[in-house]
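By convention here, the first residue in the shown sequence is residue 1.
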Amino acid sequence: MNWFWHVLWICLVVIPVTLLWVSCLIDIIVRSDLSGWGKVGWVLAVLIIPLFGALIYLIARPATATDSLLDGGEPPPARTTTHGGSTTDELTQLAQLHDSGKLTDAEFAAQKSRVLGSTSATPNHAAAPTP
């Protein structure tokens with residue numbers, strides 16, 4: 001009956017702690033908001049004191065934009081750059097974003113007018129008064 005306690009120990013303690021430790025290491029390495037020295041410090045903390053280092057990391061780590069997406073938040077708006085791109089490239093990119101549904105009609109019109117340098121977002125389609 002001694003094997004039962006070994007299996008129980010492995011299933012309830014060893015595997016969950018190992019998964020916690022590995023997921024913390026992967027999260028530290030993948031994060032783009034940590035500096036190189038910050039990543040080194042957290043990796044050393046998790047490697048030197050595995051359980052407590054991982055728990056301290058999970059408690060102390062700041063939330064990221066990815067975390068807000070997992071909580072049901074909206075993604076940040078798509079950025080268009082004007083550096084090094086022609087007007088045609090920007091209009092093509094805006095059309096692709098609009099066609100894929102990432103930009104509404106109003107956002108598309110506003111960005112298009114910004115790219116083209118016009119002052120109105122939509123053309124004036126008002127009918128001229130009849131005499």
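Heavy atoms only, all atoms of each residue included: R61 and D27 are closest at NE-OD2, 3.0 Å.
A chain of hydrophobic side-chain contacts below 4.5 Å, direct or via other Ile, Leu, Val, Met, Phe, Trp or Tyr residues, connects Y57 to L47. Under a hydrophobic clustering in which Ile, Leu, Val, Met, Phe, Trp and Tyr are joined whenever their side-chain heavy atoms come within less than 4.5 Å, directly or via other members, W37 and L34 fall into different clusters. Hydrophobic clustering (ILVMFWY, side-chain heavy atoms < 4.5 Å, transitive): I48 and L55 are in distinct clusters. Criterion: ILVMFWY side-chain heavy atoms under 4.5 Å apart, direct or through other members. Under it, F52 and V13 are not part of a common hydrophobic cluster. One hydrophobic cluster, built from ILVMFWY side chains closer than 4.5 Å, holds both W21 and I26.
E107 is not listed as a side-chain neighbour of K112, based on a closest heavy-atom distance of 4.5 Å or more. Residues K39 and I29 have side chains not in contact (no heavy-atom distance under 4.5 Å, counting atoms from C-beta outward). The shortest distance between side-chain heavy atoms of C24 and L58 falls below 4.5 Å.
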Margin query: Could you go through Q111 and Q93, starting from their C-alpha distance and side-chain angles, then the distance that decides it, and tell me whether this counts as side-chain contact (heavy atoms from CB on, under 4.5 Å)?
Written below: CA-CA 11 Å; Q111 291 298 321; Q93 184 180 15; over 6 Å; no
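Of the inter-residue distances, the one linking W42 atom CH2 with I28 atom CD1 reads 7.0 Å to the nearest 0.5 angstrom. In this structure, CG on L12 lies 10.0 Å from CH2 on W5, to the nearest 0.5 angstrom.
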